[in-house]
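Got a structure here, written out as structure tokens. Questions coming.
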Amino acid sequence: MIQKMVESMSQLQEEKGRLQEQLMALQKKLTLRENDQQAVSTQLQAQVENLKEKLIGQVQEVNRLRSELGGTDLEKHRDLLMVENERLRQDMKRCEAELQELRARPPPCPDCEHSKESAQLREKLAQLQVETEENKGRLAELDLEVQQKTNRLAEVELRLKDSLAEKAEEEERLSRRLRDSQETIATLKAQPQPIKYIIKTVEVDSSKTKQALCETQARNQYLQEQVGMQRQVLKEMEQQLQNAQQTTAQLKAQIMMYESELERAHGQMLEEMQTMEEDKNRAIEEAFARAQVEMKAVHENLAGVRTNLLTLQPALRTLTNDYNGLKRQVRDFPLLLQEALRSARAEIGQAIEEVNSTNRELLRKYRRELQLRKKCHNELVRLKGNIRVIGRVRPITKEDGDGPEASNAVTFDSDDDAVIHLLHKGKPVSFELDKVFPPHATQQDVFQEVQALITSCIDGYNVCIFAYGQTGAGKTYTMEGTIENPGINQRALQLLFSEVQEKASDWEYTITVSVAEIYNEALRDLLGKEPQEKLEIKLCPDGSGQLYVPGLTEFKVQSVEDINRVFEFGHTNRTTEFTNLNEHSSRSHALLIVTVRGTDYSTGLRTTGKLNLVDLAGSERVGKSGAEGSRLREAQYINKSLSALGDVISALRSRQGHVPFRNSKLTYLLQDSLSGDSKTLMLVQVSPVEKNTSETLCSLKFAERVRSVELGPGSRRAELMSWSSQEHLEFDGGSVQTPSSARSYSSSSTGAPISRSSSIRRKLQTSGKTKPVPV
Ligand code: ADP
Ligand code: MG
């Protein structure tokens, strides 16, 4: 056993020794393998480094090639060519524009201009051809360059291919070696099984061996990892290579594209050059043809002009002669002009002198005419008679009431403003006065008629204006008027003011007014301090025969305000005196006496004119109604004074030697204003209504009789007789007779009155009341 044991021990020892030897051998093998692997790994790493470097180099080469090929010269060349192309295009356009211009512009002188232009064009063409040549040369150079570049590119490609092949080989080699190593590793891995077993058995003896094995395994692991990493790197490198190949392919395609573009540009350029050339040739041909045509026309013109010239030469000769003649005339013209001017001036001066003398003559004539006119006016007034009779018919008013009594009984003649027709008790009667104002006549119309009379008192004439008519016929309205529509009184004074103002440079005038009334033959001063005082009319003590009224107040007036104040004052005095003013005023005569005194500054000549504006008492026949007492007395006085006025006017119109002024206070007071050169106007107021026709008839008869007295010496008395008898007839019913008039008329009855308007005046035949005028 022990033997056995010793034997087994020795066997084991032997085994152990063998194993140890084996281990040693394995360890050696391992170390060798490790060294081998290390060497392979370093070699592989070196190869990898090398490949990396190569790759970098190739990438750089590719970059360089890329920059060389596209980024730099080729692109620049292409750009240059494009710019060149553009410039050529511009040139062509310019040429075309010039050609266009040439075509559009009609050459003023076709010969030289065209030849010049065609020479220029030819020069330009030559230049362009040279440029084209140059361009062609440059194009060839560029082509050459492109060729070189392409060759170089091919070379580079070749090199690239070589290096790629090398790389592939290298790769192949590497992968082969890697495969070998892997196989070796695999075989090595496959081997350890018996070793493991041995190790296990030896483990008990040698932990160190075990550790060494472990380390070897770890190392093996690490190496495997390294191989994996290398594989990875190899894969990446393959990828990179692929990328590089792609890039190369792209670059190639780009190069192809550039080449085709270059080709196209070249073709285009050639084409454009061709068309330009064609255009140019065409333009030149056209220009030449046009120039030839124009030349022909010019030649023709020239021939025409030559013939014209030949015909014009004689005309030119005559024109030259004319011109010389005109020249002579122009030379002489200033002298002639001066002469003409001198004579014209003399003529104008003479004409002016003549005109001046004519003017002077005209002025003289005008002044003479003015004086003549004035004379004529006075003569007219004289012929019309210093006594004029005007009728005024008032409108129908509310006071007239209504019904048939208030109906209109007065009509007018549309052709003759001096005629009035009255329908009295159904019978028409017509009267002719100097003028008749219809109801619609205005205050201004009436004033217009009397204003000549009024202004004459500035020249020193005495004027009397009477308003005659029955109560309510419009006497006061005509004389005084209303505030809004003043009558003759106020208008007369205003007119006097303005007339005096106009003459103020030569004359000094003072205008004074007195207001008086005559009631029951008593004269009273309405502007005096004691209006009830009766005034006397006296002869001037200077023996001039003039009358004056001592104590009659005179107010100096200068404005309308003054007049209004005076009128108001007079009115107030009249009102305080009598309770029933209306009645009283119709029973008394109201007088406004305006005296105009003037002094001529230069001659010292003095004039005095008196304007008497009288609103007479009512002419109605009071006696008829059987009035008594004071009423009867009033009526008698009124009748007396109105008859006296009629007597005086009749006497004056018939130019009697004796005028019975003294028969009433009124005529006596107005004596100097009724006689001589004095002018009198009788305004006969009538009412138009039916109920007043009797009174209207009386008033119109009075008016007509006053007016119709014929101014013949033999007829005076007879006229007066007729008037008085008529008056008597009118008043017979009332038994009121004017003693004075009766006296004076009855005492004188010689001759016969001659009626001026017998045709229309006497239409009262049917009334039976009128007596025919005694012959
Ligand atoms: P007389 O003074 O004759 O008695 P009036 O002048 O007092 O008469 O007139 C009587 C009335 O008739 C007054 O109311 C007056 O206003 C009016 N009248 C008179 N004439 C006219 C006329 N032309 N236009 C308008 N009204 C008039
Ligand atoms: Mg009155």
Side-chain angles (χ1 to χ4, degrees), residues 389-402 405-406 408-412 417 420 433 435-450 465-492 515-520 526 567 570-571 573-575 577-592 612-622 631 634-635 637-639 641-642 645 666 681-700 702-703:
V389 183
I390 292 173
R392 186 181 191 187
V393 181
R394 72 156 169 82
I396 297 172
T397 61
K398 268 190 269 164
E399 285 73 32
D400 291 322
D402 39 31
E405 280 207 326
N408 179 51
V410 176
T411 49
F412 304 91
D417 66 355
I420 178 170
L433 310 179
K435 189 176 174 73
V436 178
F437 285 108
H440 57 77
T442 62
Q443 298 283 67
Q444 181 56 33
D445 293 339
V446 177
F447 184 68
Q448 196 86 30
E449 190 65 28
V450 303
I465 299 175
F466 296 103
Y468 179 96
Q470 75 172 110
T471 300
K475 298 184 294 295
T476 308
Y477 184 84
T478 296
M479 298 311 282
E480 284 179 22
T482 57
I483 294 167
E484 314 81 56
N485 205 359
I488 291 170
N489 289 4
Q490 205 190 84
R491 286 172 198 264
V515 181
E517 76 161 16
I518 296 170
Y519 174 66
N520 284 353
L526 290 180
F567 287 169
H571 219 256
N573 270 344
R574 217 176 176 191
T575 326
E577 203 60 23
F578 299 97
T579 42
N580 189 344
L581 180 68
N582 267 351
E583 202 166 284
H584 170 74
S585 66
S586 70
R587 303 274 135 235
S588 64
H589 310 300
L591 295 103
L592 172 68
N612 301 282
L613 301 163
V614 190
D615 182 359
L616 291 168
S619 63
E620 62 272 16
R621 293 153 299 167
V622 184
R631 197 78 187 82
E634 269 179 359
Y637 277 125
I638 291 164
N639 193 39
S641 61
L642 291 179
L645 182 64
L666 179 69
L681 180 82
M682 183 68 77
L683 268 162
V684 178
Q685 295 284 149
V686 294
S687 155
V689 291
E690 174 63 36
K691 65 181 172 194
N692 295 130
T693 48
S694 295
E695 289 301 334
T696 303
L697 191 71
C698 282
S699 296
L700 288 172
F702 173 86

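Both ligands and their constituent atoms are indexed starting at 1 by order of listing. From a predicted model like this one, the values you see are computed outputs, not experimental measurements.
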For this session: Find all atoms of ligand 1 within a distance of less than 4.0 Å from any non-hydrogen atom belonging to P395, and give their numbers and elements.
Result: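 Result: 21 (C), 22 (C), 23 (N), 24 (N), 25 (C).
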Problem set entry | Nearest non-hydrogen protein atom, atom 21 (C) of ligand 1 | Y477 CD2, 3.4 Å
Exercise. Heavy atoms of the protein only: does one fall short of 4.0 Å from atom 19 (C) of ligand 1?
Worked result: yes
Exercise. Got the closest protein heavy atom to atom 11 (C) of ligand 1, with its distance?
Worked result: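 The answer is G472 O, 4.6 Å.
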Exercise. Does the pair R587/E517 count as a salt bridge with the N-to-O cut at 4.0 Å?
Worked result: no
Exercise. Of the options T693, T397, N692, which is the one that meets S687 in a side chain to side chain donor-acceptor pair (under 3.5 Å)?
Worked result: N692
Exercise. Does ligand 1 have an atom under 4.0 Å from some heavy atom of A473?
Worked result: yes
Exercise. Do any N/O atoms on G474 end up under 3.5 angstrom from N/O atoms on ligand 1?
Worked result: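 In this structure, G474 places an N or O atom under 3.5 Å from an N or O of ligand 1.
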Problem set entry | Steps toward side chain to side chain contact (heavy atoms under 4.5 Å, CB included) verdict (N612, I465) | CA-CA 6 Å; N612 301 282; I465 299 175; over 6 Å; no
Exercise. Within less than 4.0 angstrom of ligand 1, does E399 place any heavy atom?
Worked result: no
Exercise. Quick check: does T397 get an N/O under 3.5 Å from an N/O on ligand 1?
Worked result: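 T397 vs ligand 1: no N/O contact under 3.5 Å.
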Exercise. What protein heavy atom is closest to atom 2 (O) of ligand 1, reported as residue, atom name and distance in Å?
Worked result: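 Going by distance alone, atom 2 (O) of ligand 1 is nearest to T476 OG1, 2.6 Å.
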Seminar exercise, completed: Looking only at non-hydrogen atoms, the one of R394, K475, Q443 nearest atom 3 (O) of ligand 1 is K475
Exercise. Near the Mg ion (ligand 2), is there an N/O/S atom from T471 that is less than 2.8 Å away?
Worked result: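 No.
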For this session: Check the side chains of Y477 and Q685 for a donor-acceptor pair under 3.5 angstrom, ignoring hydrogens and angles.
Result: no
For this session: Within a distance under 4.0 Å of any heavy atom of T471, pick out the atoms of ligand 1 and give their elements.
Result: 4 (O)
Exercise. What do you think, any protein heavy atom under 4.0 angstrom from atom 14 (O) of ligand 1?
Worked result: no
Exercise. Per the side chain to side chain contact (heavy atoms under 4.5 Å, CB included) rule, which among V614, V389, L642, L683 passes with Y468?
Worked result: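 In the set V614, V389, L642, L683, the residue that makes a side chain to side chain contact (heavy atoms under 4.5 Å, CB included) with Y468 is L642.
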For this session: May I ask you to check whether over 12 heavy atoms, not counting those of E405, lie within 6.0 Å of atom CD?
Result: no
Exercise. Going by the order shown, which atoms of ligand 1 are within less than 4.0 Å of some heavy atom of Q470?
Worked result: 3 (O)
For this session: Output yes when a protein non-hydrogen atom is found under 4.0 Å of atom 25 (C) of ligand 1, and no otherwise.
Result: yes
Exercise. Is there a donor-acceptor contact under 3.5 Å linking the side chains of Q470 and S619?
Worked result: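 Per modelled atom types, Q470 and S619 side chains form no pair under 3.5 Å.
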Exercise. Side chains of D445 and T442: donor-acceptor distance under 3.5 Å anywhere?
Worked result: yes
Exercise. Between K475 and D615, is the closest basic N to carboxylate O distance under 4.0 Å?
Worked result: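 No.
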For this session: Identify whether the distance between the nearest side-chain nitrogen and carboxylate oxygen of R394 and D400 falls below 4.0 Å.
Result: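 So R394 pairs with D400 through a salt bridge.
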